Undergrad: 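Encoded as structure tokens, here's the structure I'll be asking about.
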Amino acid sequence: MDLKHAASDEQFRQQARLFIGTKMAALGSESSPGSDRIQAHKARVSRWSQMLDDGGYLVHSWPTEWGGATWPRTWHRILQDEMIAARTPQTDSIGVGFVGPMLCKFGSPAQKARHLPRIRRAADFWCQGFSEAHAGSDTMAIRTRATRGKSEFTVNGQKLWTSNAHFADMMFTLVKSEGPNGRPLSGLTLLLIDMRTPGVTVRPVILIDGNHLVNEVTLDNVRVPFENLIGEEGKGWIYARSILADERTIVANLAGLKLSLKGVRNILSEPDSAPVHFRRCSTFGARLAEIEAELEALEFMELRLLHAPQGDASAQLFPAMLKLRASELSQKLSALTLEALGERALEMPGTSSADAGMPAPPIYFTIATSHFLSRRAATILGGTSEIQRNVIAGVGFGI
Amino acid sequence: MDFSLSTTQADLKATVERYCTDCFQRTSARAQDAAPPDARRHWEAFAELGWLGVLVPAELGGIGGDLLDASVILQEFGRSLVVQPYLPCAVVAVAALVRLPPGAVRDELISSIVHGKRITVLAHGESGFADDTGVIETSAQSSAAGGYVLNGRKPFVLSGNHADCFLVTAQRGEAAGPSELGVFLVKRDAPGLARRTFDTLDGRGAAELAFHDVHMESHALLGSGSSLTAALRSASEHGIVGICAEALGAMENLVHVTGAHLKSRKAYGVTLSTFQALQHRIADMLTELELSRSMFFRLLASLEQEDERLRERALSAAKALIGRSVKQSAAAGVQLHGGMGMVADYVIGKHFKQASMLDCLFGNADYHWDKCARLAA
């Protein structure tokens with residue numbers, strides 16, 4: 001047993017930190033977006049993605065023949081953690097983390113040649129059209145269907161909860177199709193759809209935090225060329241699941257949770273933020289201590305996952321456990337923060353209207369509110385807690 | 001013992017329920033109410049129906065009801081996510097006013113509240129946290145010309161965005177001398193009063209108030225000393241009981257809607273209610289609701305108590321337990337709805353946001369558990 005971090009891991013961390021620091025300085029702060037916030041955001045993400053790609057820090061998890069790195073598993077995690085700690089701009093995680101690896105593994109040569117370089121340059125932004133109103137956890141209940149024409153599919157249906165569809169250039173989507181013999185297939189089919197194709201309509205779905213993140217995408221006789229079919233019809237969900245197996249570790253986001261915890265401790269030491277008697281409140285300190293301890297335990301569970309030998313059963317078990325407990329923990333932390341801040345955290349962000357001379361309140365109140373509301377989805381997205389428990393019982397006990 | 005409502009109370013409940021169903025659509029995906037809360041039509045209707053005078057004695061123009069009558073109304077409002085300033089004005093502010101010394105200003109104010117002419121709310125706490133040991137720094141210095149000059153700040157005044165006037169507590173006295181707490185009537189358009197209004201999680205709204213040399217006539221002082229202490233205590237008690245009643249109504253609706261969802265929503269070819277794990281979740285939600293309801297009855301019974309310490313403990317225990325229950329139930333309601341639970345326009349997400357308000361207002365669960373522990377010591 002050796003419970004020390006490898007020296008090479010620490011070296012890599014320093015290297016990554018230096019690179020990130022240098023590039024963040026070169027990127028500069030966000031400029032005033034002017035009239036088009038979305039375009040400004042996309043331009044910034046593109047610039048940042050290109051900087052990362054030039055340094056070999058964007059597609060490191062792809063197969064090596066497509067630009068991936070031969071890193072130990074810990075390094076992928078360390079880079080992610082350093083980027084979160086440095087609050088770097090997001091990259092297009094669906095393109096880089098999902099579509100890219102999927103095309104590497106299952107795409108045709110033409111699809112790889114066309115899309116992989118564009119993903120690396122963030123020339124296209126991607127969205128994931130899986131869920132529907134009647135198909136959330138139950139992916140096989142998808143109803144969107146593709147009928148075969150001479151040279152293309154015609155797609156009809158509606159996707160829901162599609163993050164970023166309102167500015168995505170491309171969507172990869174699961175549909176029911178009939179197969180070359182015209183008989184309906186029991187499996188699902190994976191298609192790439194250009195969001196500018198006639199018949200694609202995107203409608204915002206506003207969530208309880210007041211933000212526009214997800215959408216409803218209606219597909220009305222949308223023509224999709226055969227060259228946009230990935231692999232074989234009917235095998236789409238099998239392809240997607242093989243990539244999703246890694247997605248859970250990303251969704252666990254322990255680094256984000258650690259950052260939040262640090263932020264909460266800072267806020268609570270502000271003199272005006274939480275009344276002194278509440279800080280002295282016996283249950284509050286204990287609750288915070290419990291959250292910190294559980295996060296420490298989860299960090300070590302993640303280390304066990306990253307260092308598990310090939311074929312070890314923990315590789316199947318720990319991702320579900322990490323997602324389950326990290327998501328619940330992030331909700332506990334955001335709830336505790338809201339409660340600690342009292343009445344002033346009951347304010348809905350962006351609704352303030354002040355008479356002249358009224359100073360703006362400290363921003364951490366509405367940040368706490370916003371975070372509390374958006375984190376309510378943590379146990380629903382990326383595989384609900386109920387599904388994670390099913391996986392754990394299945395893998396752990398064969399139930 | 002008899003836990004049922006009287007005929008009058010049952011009629012009141014039915015009337016309020018009918019009004020809410022007609023005017024405040026509970027499960028609709030559309031906006032709850034076409035007219036924004038500051039269009040007074042609902043408030044005027046409440047006045048006509050006598051609801052604004054529920055806690056006002058007949059001799060002052062009200063219907064001479066009690067906290068249980070007000071609770072019947074509040075429970076329906078909680079169920080239907082009503083955002084009108086009923087609790088802070090017709091319950092909390094009125095509870096304070098009826099215990100202040102009679103006088104022309106006070107009596108006229110009560111009458112105007114009952115008739116729906118003026119929305120008045122209490123602007124008291126300054127820590128931004130329901131803290132009954134908190135210091136009041138807002139000051140009302142005697143002015144040479146007679147009257148007072150008000151300076152200070154109230155960071156969170158529930159429904160302060162809709163109020164026409166405020167009952168502001170301030171330290172009253174000479175510049176360097178002793179002071180005692182007084183309560184003053186301040187109009188919304190008083191020179192020197194600055195407001196910052198904002199929406200709250202549940203849509204009720206609130207305001208932050210700042211007073212810069214606000215000049216008040218001497219008759220703006222409505223009470224001080226021991227009558228004010230009693231009035232503020234009563235206001236706080238009414239607030240706690242009232243918010244617990246709202247929480248009960250909220251839980252009833254969210255448990256009902258979630259149960260209906262489990263019975264109709266399908267996944268993997270069967271309704272969600274087929275899954276035992278989910279049956280257990282909804283069973284827990286229903287049990288919490290009935291536990292909270294039982295605690296609410298206990299709270300009403302405890303208000304007959306003479307012993308102040310026992311009353312305080314009963315109030316804190318109920319507030320903590322019911323606050324905890326409504327938050328847990330609402331979170332479970334969202335989880336059991338999946339993505340739909342996160343949608344701004346759908347009722348379950350609205351109850352989730354409402355639940356955080358109901359727990360936080362008048363002291364959250366942590367605060368009250370701590371208080372219970374201290375009272376027991």
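Note that these values count all heavy atoms, side chains included, but never hydrogens, waters or copies made by symmetry. Residue numbers start from 1 in every chain, and the chains themselves are labelled A, B, ... in the order their sequence lines are given, proteins ahead of strands. Everything quoted here is computed from the prediction, not taken from an experiment.
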Undergrad: Is any side-chain heavy atom of A:Glu343 closer than 4.5 Å to one of B:Leu158?
TA: no
Undergrad: Heavy-atom distance under 4.5 Å to chain A: side chain of B:Asp202, backbone, both or neither?
TA: neither
Undergrad: Does a side-chain heavy-atom distance below 4.5 Å link B:Val343 with A:Val205?
TA: yes
Undergrad: At a 4.5 Å cut-off on heavy atoms, which part of B:Phe352 comes close to chain A: side chain, backbone, both, or neither?
TA: side chain
Undergrad: Given side chain to side chain contact (heavy atoms under 4.5 Å, CB included), test B:Leu193 with A:Asp355 step by step and report yes or no.
TA: CA-CA 9 Å; B:Leu193 166 57; A:Asp355 288 346; over 6 Å; no
Undergrad: Taking all non-hydrogen atoms of both residues into account, name the closest pair between A:Ile387 and B:Tyr268 and its distance.
TA: CD1-OH, 3.5 Å
Undergrad: Side-chain contact test, heavy atoms from C-beta onward, threshold under 4.5 Å: evaluate it for B:Asp199 versus A:Glu347 and give yes or no.
TA: no
Undergrad: Kindly check if the number of other-residue, nucleotide or ligand heavy atoms within 6.0 Å of CD1 (A:Ile363) is above 12?
TA: no
Undergrad: With a 3.5 Å distance limit and no angle check, can you tell me whether B:Arg195 reaches the backbone of A:Ser353 through a side-chain donor-acceptor pair?
TA: no
Undergrad: Taking atom CD of A:Glu328 and atom CD of B:Gln335, what is their separation to the nearest 0.5 Å?
TA: 8.0 Å
Undergrad: For the atom pair CE (B:Met342) and CG (A:Asp209), what is the distance rounded to the nearest 0.5 Å?
TA: 6.0 Å
Undergrad: Heavy-atom distance under 4.5 Å between the side chains of A:Ile208 and B:Tyr346, does that happen here?
TA: no
Undergrad: Can you check whether A:Leu346 reaches B:Phe198 side chain to side chain, under 4.5 Å on heavy atoms?
TA: no
Undergrad: Let me know if B:Ala206 has heavy atoms under 4.5 Å from chain A in its side chain, its backbone, both or neither.
TA: neither
Undergrad: Which residue out of B:Gly349, B:Gly339, B:Ala210 racks up the most heavy-atom pairs below 4.5 Å with chain A?
TA: B:Gly339
Undergrad: Stepwise, does the side chain to side chain contact (heavy atoms under 4.5 Å, CB included) test hold for A:Glu339 with B:Asp359?
TA: CA-CA 9 Å; A:Glu339 288 160 24; B:Asp359 179 49; 4.3 Å; yes
Undergrad: Need one label for B:Ala277: side chain, backbone, both or neither, based on atoms under 4.5 Å from any heavy atom in chain A.
TA: neither
Undergrad: For chain A, which of B:Met340, B:Glu208, B:Arg265 has the most heavy-atom pairs under 4.5 Å?
TA: B:Arg265
Undergrad: What part of B:Ala331 lies closer than 4.5 angstrom to a heavy atom of chain A: side chain, backbone, both or neither?
TA: both
Undergrad: Please flag which part of A:Leu160 lies under 4.5 Å from any non-hydrogen atom of chain B: side chain, backbone, both or neither.
TA: neither
Undergrad: Are A:Glu386 and B:Leu278 close enough that some pair of their side-chain heavy atoms sits under 4.5 Å apart?
TA: yes
Undergrad: Atom CD of residue position B:Glu137 - does it have more than 12 heavy atoms of other residues, nucleotides or ligands inside 6.0 Å?
TA: no
Undergrad: Side chain, backbone, both or neither: which part of A:Ala141 has a non-hydrogen atom closer than 4.5 Å to chain B?
TA: neither
Undergrad: When you compare the side chain of A:Ser352 with that of B:Arg196, does any pair of heavy atoms fall below 4.5 Å?
TA: yes
Undergrad: If you take all heavy atoms of A:Leu338 and B:Ser356, which pair is closest and at what distance?
TA: CD2-OG, 3.8 Å
Undergrad: With side chains defined as the heavy atoms from C-beta onward, is the minimum distance between B:Asp366 and A:Leu336 less than 4.5 Å?
TA: no
Undergrad: At a 4.5 Å cut-off on heavy atoms, which part of A:Ser385 comes close to chain B: side chain, backbone, both, or neither?
TA: both
Undergrad: Under 4.5 Å from any heavy atom of chain B, what part of A:Met358 do you find: side chain, backbone, both or neither?
TA: side chain
Undergrad: Where do B:Leu201 and A:Met348 come nearest, in terms of heavy atoms and distance?
TA: CD2-SD, 3.7 Å
